[in-house]
Amino acid sequence: MCGIVGYIGPKPAVPFLLEGLKRLEYRGYDSAGVALLGEHGLQVVKAVGKVSQLAQRVSRGRTEHLGFGHTRWATHGVPSEANAHPHTSVDGRIALVHNGIIENYAPLREELRQEGVVFKSETDTEVLVHLIARHYHGDLAEAVRITLGLVDGAYGICVAHQDEPDRLVVAKMGSPLLLGLGEEENFVASDRQALVGHSERVIVLEDGEMAVIRAEDISVFTIDMRPVEREAVELQEELERIDKGEFPHFMLKEIFEQPRTIGDAFAGRLLPEEGGVRLGGIASVLDRLKACKRLILTACGTSWHAALVGEYILEDMLRIPVEVEYASEFRYRNPVIDEDCCVVAISQSGETADTLAAMKEAKRKGALVLGICNRVGSAIARESDAGVYLHAGPEIGVASTKAFTSQLVVLILLAVHMGRLRHMGYNHGRQVVEDLKALPDRVREILATAPEIKRIALKLAEHNNALYLGRGLFFPVALEGALKLKEISYIHAEGYPAAEMKHGPIALIDEHMPVIVVAPHDDNYEKVVSNIQEVRARRGKVVVIATKADTKLQELADEIILIPDATQATLPILAAIPLQLLSYYIAVERGCDVDQPRNLAKSVTVE
Ligand code: G6P
């Protein structure tokens, strides 16, 4: 987790560092710090809290031309100034920032302690800087190289030594690191977002690689000293796409972007005349996809909920077994996989450590591995045999919204594509394609009801618990609704299959328990109506998401949010949107930090 930025060149480093850290706050925001190297030597400034706290302590007038910074998501040690990065050597001549986890830090720390090193922090990272100091004999890159040979774990690091003021040394294993190229200046960032507007071409470091970065050149080599020739690639993102615009929060902006992002997910991919779709990214593996006898979808968090919806849709359209696995469980349980199996990894960031590791495990066992992700060129995209991008643009709000609905669109596209290779008929394919085309307008219609959803949210905001229910395709939507609420409002919320409620959660229901039921008209509708009756009989407050033609639920529910009707496959997308808005308005009403909820991070690059 954590974000890293670095600069070396003719300009003062501070403006880029502070702006870059701000943009990387989605990776963690419990403390931050910078190291600056100039005529007064190496200086470190840190602050607990967000980058804005740090910015108050670092004068914008500082003139150092070399510097780097870090925004932290605590793993080892509480958020405090001592635990914030950069960490420094005992003599203060070396400073280092680190993203990742050093797994064998405990014995190394003990060894250093016995040598007399006094540790200033509780972090795993601090051993790195002391080891580099121990191995420093006038060549920083060499000292870093020797140190990395001693550690196990994941890292992206950036280091500087007071005696080598013309260079930054960086290295990568498991955590992302990009080098941005400029005119007589160079940049370091753990994420391309920090580089937008500063550098148009980047070198992507691979695992096991290091680089020495000077203002005028960059040399890349492996940790075992083999030189690396790496082409720079274009940085594509545009600055305005990571701006809130007129919205008070990124999350709200991203919710309202969905008519466009959903359209972008299928743009150029629909073939109505053929009743099918075109997915260029998987064209090279069509034969294997055709032969595939089993699908496993793997992901974490909201992407895992998208996978659960995908399971219903893919199984229905393909008639082959489809399973969904938490990536963190999948990778450690020796899953049964063979060459007839296709594993689909789903990830907004394309960086989630567990998802990446699950893919590697699936590949090792011979499965075809597809990636569905948003970040172009991300680690997961690169690890896939083939894949489909979401094209949703940068998602900044920590709680995923537009990426979720785009994931659902792409899963539908995949289902139609694979279905048409098998038994899916033209008419069925055509119907789904036409339904996808109608989605953006239907989403607009729901967004237009935001004031009504806000009114309901204000009534729910005072509660400390909530239960979300749904059946079939809407069970995972209920899970996602509950996750959204707990993530950003800190209200305890649970998602349950509506029929399972009577096997436990019903004990919780009384007049203080709001129950949000996702009940668009489908084959399970009548059953869900009975489940709602059960809640009402126990005086639970019922908020229903229903399709427009519904009359029965209008009478039964305390509150009802109506969505347009659509075919089964696209209804989960429509049903998810009011739940996003509901959580958003509840969290705002409770005064929560919607875009950066406590303890969370946007990209989880630790296991
Ligand atoms: C974090 C984020 C979630 C996200 C999950 C998986 O926990 O806070 O919003 O769903 O990671 O991330 P991914 O980028 O793999 O979809």
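For ligands, and for the atoms within them, numbers begin at 1 and follow the listed sequence.
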Here the atoms of ligand 1 under 4.0 Å from any heavy atom belonging to Ser349 are 13 (P), 14 (O), 15 (O)
Tell me whether Leu600 reaches ligand 1 (any heavy atom closer than 4.0 angstrom to a ligand atom).
no
Numbered atoms of ligand 1 (with element) below 4.0 Å of Val398, judged on heavy atoms:
8 (O), 9 (O)
Thr355, any N or O under 3.5 Å of ligand 1 N or O:
no
shortest atom 2 (C) of ligand 1-to-protein heavy-atom contact is with Ala601 O, 3.5 Å
Taking atom types as modelled, find out whether Lys22 and Thr71 have a side-chain donor-acceptor pair closer than 3.5 angstrom.
no
May I ask you to identify the nearest protein heavy atom to atom 7 (O) of ligand 1, giving residue, atom name and distance to one decimal place in Å?
Val604 CG2, 3.7 Å
Is it true that Thr401 and Gln258 share a donor-acceptor pair across their side chains at a distance under 3.5 Å?
no
Heavy-atom contacts with Gly301 under 4.0 Å: which atoms of ligand 1 show up? List them by number with element.
10 (O)
Tell me whether the rings of His198 and Phe187 are parallel (<30°), tilted (30 to 60°) or perpendicular (>60°).
tilted
Ser347 heavy atoms, cut-off 4.0 Å: which ligand 1 atoms fall inside?
13 (P), 14 (O), 15 (O), 16 (O)
Decide side chain to side chain contact (heavy atoms under 4.5 Å, CB included) for Leu473 and Asp522; before the verdict, give the C-alpha distance in whole Å, the side-chain angles of both, and the deciding distance to 0.1 Å.
CA-CA 9 Å; Leu473 276 168; Asp522 71 349; 5.6 Å; no
Ser303: numbered ligand 1 atoms lying under 4.0 Å from its heavy atoms
10 (O), 13 (P), 16 (O)
Check the side chains of Asn83 and Lys46 for a donor-acceptor pair under 3.5 angstrom, ignoring hydrogens and angles.
no
Does His85 reach the main-chain N or O of His98 with its side chain, forming a donor-acceptor pair under 3.5 Å?
yes
Nearest-neighbour protein heavy atom for atom 15 (O) of ligand 1, which is reported as residue plus atom name and distance
Thr352 OG1, 2.4 Å
For the residue pair Glu480 / Thr302, report whether a side-chain donor-acceptor contact shorter than 3.5 Å exists.
yes
Top protein contact for atom 5 (C) of ligand 1, by heavy-atom distance:
Cys300 O, 4.0 Å
Stacked cation flag Arg598 on Tyr490, 6.0 angstrom / 45 deg
yes
Numbering the atoms of ligand 1 from 1, which are under 4.0 Å from a heavy atom of Thr302?
10 (O)
